[in-house]
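Atoms considered below: every heavy atom in the structure, side chains included; atoms not considered: hydrogens, waters and symmetry mates. So that the names make sense, note that chain A is the first sequence line, chain B the second, and so on, each numbered from 1.
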Number of protein chains: 2
Amino acid sequence: MQFRIDNASGRPVYQQIMDQIKRDIAMGRLIKNEKLPTVRQLAGQIAINPNTIAKAYRQLEQQGIIVTKAGAGAFVANLDSSLSRSVRKKLISEELERIAVDAYHMQIDRQTLLEWFDNAVVKFNLPSKKG
Amino acid sequence: MQFRIDNASGRPVYQQIMDQIKRDIAMGRLIKNEKLPTVRQLAGQIAINPNTIAKAYRQLEQQGIIVTKAGAGAFVANLDSSLSRSVRKKLISEELERIAVDAYHMQIDRQTLLEWFDNAVVKFNLPSKKG
DNA sequence: TATTTGTACTATTTCAACTATTACAAATAT
DNA sequence: ATATTTGTAATAGTTGAAATAGTACAAATA
């Protein structure tokens, strides 16, 4: 598994780890029950402290995205969003609105933004309705 | 002008200020050349340090969203995105992809996400093509 | 039974965010 | 002119998250 950490991005390393694992799962590069790198492996590979990886795994588990077993390792969990629809809508819509504001100030027209949106969404395996 | 600061959100206060000003402009609540609250006014109203407001204004000016004149105040600037199209596309697309990943893990289907996207975009005055 | 694995804990360092205060130059009002 | 208001700059200090360093422990595995 390949990781790319950008120390100049301002984004905390443990969040970059989380981002990339979530992204790989969403793109189908990591599948259900697949084993993730061990905490110590990944810490060695990226050359950072094991605690930072542990923090990322801890939060991913809390979000229900991976399952960890002491002694065995960390594994991709089943999809199971325990958040209510209203909470999910609120979280996603806030982000979407922030993007719309940025698009306004960058003078991006509606059609172009929709095009970029489609390009982004098509990369991931979102279910279709009733799917 | 009304401001709402959430100290528990984890988002820095100066960014919350920026968010709300950018949002108000994008929604047409603040129009070109309109005067913003003074640094000291706003600091008093929100009960935070003037430096924090100054930081927000400084960055908004750097982004070309407002214009400031010492002695006069801060004003809404003309729309003028100096960023290249490729840079704008990269910035926006990265955010859109992050949302798509989150939507995947929340098991949000394509149609629903598009619907939420439309709801978000319609709130702001994005130009139409050639507009 | 020895090793590997995730977890927990404490201590320390680093840095961004924020506060507090003072000072200054440009714009404005009188 | 001159006093006031404005954004800006600078210094110093506080707070909290992020990350490092090291040790220890219990569960799973070989």
Atom-to-atom span, CD1 of B/I53 to C1' of D/dA9 - whole angstrom: 17 Å

Under-4.0 Å side-chain N/O to phosphate OP1/OP2 contact, B/Y14 with C/dC18: no

Euclidean distance, atom CZ of residue B/R11 to atom C1' of C/dC18 [Å, nearest integer]: 16 Å

B/T68, nearest nucleotide to its side chain (from C/dG6, D/dA18, D/dT8): D/dT8

Between C/dT28 (P) and B/F75 (CZ): distance, integer Å: 7 Å

Nearest atoms (heavy-atom pairs only) where A/G73 meets A/K35: CA-CE, 4.3 Å

Taking every non-hydrogen atom, the tightest pair across A/K123 and A/N119: CG-O, 3.5 Å

5'-to-3' dot-bracket of DNA chain D (Watson-Crick, G-U; under 3.5 angstrom; crossing pairs as [ ]; | other strand): ||||||||||||||||||||||||||||||

Under 3.5 Å between N/O atoms: give me all the protein pairs with nucleotides 25-27 of chain C, atom names plus distance.
from   : atom 1 : to    : atom 2 : distance (Å)
C/dA27 : O4'    : B/A70 : O      : 3.0

Atom-pair distance (CD1 on A/I46; C1' on D/dA18), nearest Å: 15 Å

Sugar-phosphate, base or nothing in reach of A/Q41, heavy atoms under 4.0 Å: nothing

Atom pair CD1 (A/I5) and CG (A/N7), whose distance is rounded to the nearest 0.5 Å: 7.5 Å

CD on A/Q107 to CG on B/L79, rounded to 0.5 Å: 4.5 Å

Phosphate-side-chain proximity, B/T52 and C/dT19, N/O vs OP1/OP2 below 4.0 Å: yes

Any B/L36 side-chain heavy atom under 4.5 Å of B/L60 side chain: no

Whole-Å gap separating P (D/dT5) and CG (B/L36): 20 Å

Could you run down the sub-3.5 Å N/O contacts of the protein with nucleotides 21-23 of chain C?
from   : atom 1 : to    : atom 2 : distance (Å)
C/dT21 : O4     : B/N51 : OD1    : 3.4
C/dT21 : O4     : B/N51 : ND2    : 3.3

Ring centres under 6.0 angstrom apart (B/Y104, A/F124): no

Minimum-distance nucleotide (side-chain atoms of A/P12 versus C/dT7, C/dC18, D/dA18): D/dA18

Side-chain heavy-atom pair A/D6, A/Q16 within 4.5 angstrom cut-off: yes

For atom CD1 of A/I66 and atom P of C/dG6, their distance in whole Å: 9 Å

Shortest non-hydrogen separation from A/Q2 to A/Q45 and the atoms involved: CA-NE2, 4.4 Å

Closest heavy-atom pair and its distance - B/E34, B/R29: OE1-O, 4.0 Å

For A/S128 against B/D109, the heavy-atom pair lying closest together: C-CB, 3.8 Å

Least distance between heavy atoms, B/L113 atom then B/A103 atom: CD2-CB, 3.9 Å

Between P of D/dA10 and NZ of B/K55, the distance in whole Å: 15 Å

Atom pair CZ/CG of A/R110 and B/L126 - distance to nearest 0.5 Å: 6.5 Å

Between C1' of C/dT14 and CD1 of A/I48, the distance in whole Å: 16 Å

